[in-house]
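Note sheet for the following structure.
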Amino acid sequence: MSARRIDGTAIAAELTTKISAEVARLRKEHGLDPGLAVVLVGSNPASEVYVRNKTAKTAAVGMRSSLHTLPATVSESDLLALVAQLNADPMVHGILVQLPLPPQIEPQKVIEAVAPAKDVDGFHPLTAGLLATGLPGLRPCTPSGCVRLAKSVHPSLAGMEAVIIGRSNIVGKPLFHLLLAENATVTVAHSRTRDLPAVARRADLLFVAIGRPEFGKRDFIKPGATVIDVGINRVPADGGKSRLVGDVAFAEAAEVAGAITPVPGGVGPMTIACLMLNTLSAACTAAGLPDPAL
Ligand code: NAD
């Protein structure tokens, strides 16, 4: 391996320490008491792990969190009623409904039911519009984390060639807008892109978010490029066990790249740290305080 390993766990811990300090200061000086409500429907094991991590981290930075668990059989209207109740609760500053949802529930309806001021996931169309037009607002957590990781290697992204593989509403599209706001030159590639490796090799900054285990190979990487691997894929491992891999074949990509994020320990911890930051930010806005610039 010649690439520098970008330690998302350490970078997230640094951000989390700053968030904790800011939470303590705002509580002391302004009586601010930020609260996150997490809604979990059903018992998807991966979702349970994510939700546990998110509520534990919320407590660790000194913010309140409440977990609302609903059975997999819950009706769409009952879930929407819970979201309405959380929207109306002044002690709740951020609402996160863990996806995926069971088939009887239309996720878009739930995403649109969350009050934009409490939309700490950044998935509401209004939040997406604020980002696209460069207006202040909450920014989606995973793409924000990706940009922070890229900036840990290149403090200014201005003028850099960035390629994003994947165009989902959750990762690829918001990441496009965030990178544009950093003055990068951005290409978004996807499943219909012709000669994907050649497009990927244009990148000084390559972001891969497609959900295909170890899809990005050596021939995707321009020598010296910075690679941010968003993928989280569980694959079979020796002894009947399983392990997590990204969307990039780490070992071979690391021989060509200048810097690369591991999976796990790259984007994942940054997503949670950015969720904490969004919750604090939403609480500040609700209290008429300036956004913490962390
Ligand atoms: P998605 O399924 O919504 O979107 C996948 C995108 O990849 C689509 O735009 C599609 O066009 C593109 N794609 C699929 N196959 C392709 C191919 N063969 N070639 C080129 N493009 C292709 O996925 P998503 O929600 O954006 O998530 C992507 C990955 O990121 C998943 O592994 C997911 O688990 C992971 N993820 C991680 C975090 C985190 O916190 N680290 C957060 C969100 C998503």
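All heavy atoms count here, side chains included; hydrogens, waters and symmetry mates do not. Start at 1 and go down the list; that is how both ligands and their atoms are numbered.
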Could you tell me, atom by atom, which parts of ligand 1 come under 4.0 Å of a heavy atom of [X]?
X: L196; result: 19 (N), 20 (C)
X: G166; result: 6 (C), 7 (O), 9 (O), 12 (C)
X: T271; result: 39 (C), 40 (O)
X: G268; result: 41 (N)
X: N233; result: 32 (O)

For [atom], grab the closest protein heavy atom and report residue, atom and distance to one decimal in Å.
atom: atom 34 (O) of ligand 1; result: I232 O, 3.5 Å
atom: atom 16 (C) of ligand 1; result: S191 CB, 3.9 Å
atom: atom 5 (C) of ligand 1; result: I210 O, 3.6 Å
atom: atom 29 (C) of ligand 1; result: G211 N, 3.5 Å
atom: atom 9 (O) of ligand 1; result: R167 N, 2.8 Å

Once you round to the nearest 0.5 Å, how far does CG of D7 lie from OG of S152?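 That separation rounds to 9.5 Å.
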
Handout entry: Atom pair CG (L32) and NE2 (H93), whose distance is rounded to the nearest 0.5 Å
Key =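 Between L32 CG and H93 NE2, I get 6.0 Å after rounding to 0.5 Å.
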
- Task: Name all residues meeting the side-chain contact (heavy atoms from CB on, under 4.5 Å) criterion together with H30; count only those two or more places apart in sequence or in a different chain, and write none if there are none.
- Result: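 H30 satisfies side-chain contact (heavy atoms from CB on, under 4.5 Å) with L26, L289 only.
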
For the residue pair [X] and [Y], confirm or rule out a side-chain donor-acceptor distance under 3.5 Å.
X: S144; Y: R139; answer: no
X: H154; Y: S156; answer: no
X: D229; Y: T261; answer: no
X: T55; Y: S65; answer: no

**Asked** Can you find a non-hydrogen atom of A209 under 4.0 Å from ligand 1?
**Response**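 Heavy atoms of A209 do come under 4.0 Å of ligand 1.
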
**Item:** Connected hydrophobic set around V263, excluding itself, where side chains approach under 4.5 Å
**Value:**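 None; V263 is a cluster of one.
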
> Hey, which of V153, D204, L149 is the one that makes side chain to side chain contact (heavy atoms under 4.5 Å, CB included) with T226?
Replying inline: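 Result: among V153, D204, L149, V153 is the only option passing the side chain to side chain contact (heavy atoms under 4.5 Å, CB included) with T226.
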
Does this structure show an ion pair linking K109 with E76, if we count only N-O contacts that are shorter than 4.0 Å?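 Salt bridge flag = yes for E76 with K109.
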
* Under a 4.0 Å N-O cut-off, is there an ion pair linking E161 with K222? ->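 Looking at E161 and K222, the cut-off is not met.
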
May I ask which of [options] has a heavy atom nearer to [atom] than the others do?
atom: atom 15 (N) of ligand 1; options: R192, R212, R234, H190; value: R212
atom: atom 3 (O) of ligand 1; options: S168, P100, P140, G145; value: S168
atom: atom 27 (O) of ligand 1; options: V171, T142, V188; value: V171
atom: atom 35 (C) of ligand 1; options: V230, N169, D247; value: V230

Are any of the N or O atoms of F215 closer than 3.5 Å to those of ligand 1?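 Between F215 and ligand 1, no N or O pair is found under 3.5 Å apart.
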
Worksheet item: Of the backbone atoms (N, CA, C, O) and the side-chain heavy atoms from C-beta on, which set of T193 has a member under 4.0 Å from an atom of ligand 1: side chain, backbone, both, or neither?
Response: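 Within the 4.0 Å criterion, T193 makes no contact with ligand 1.
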
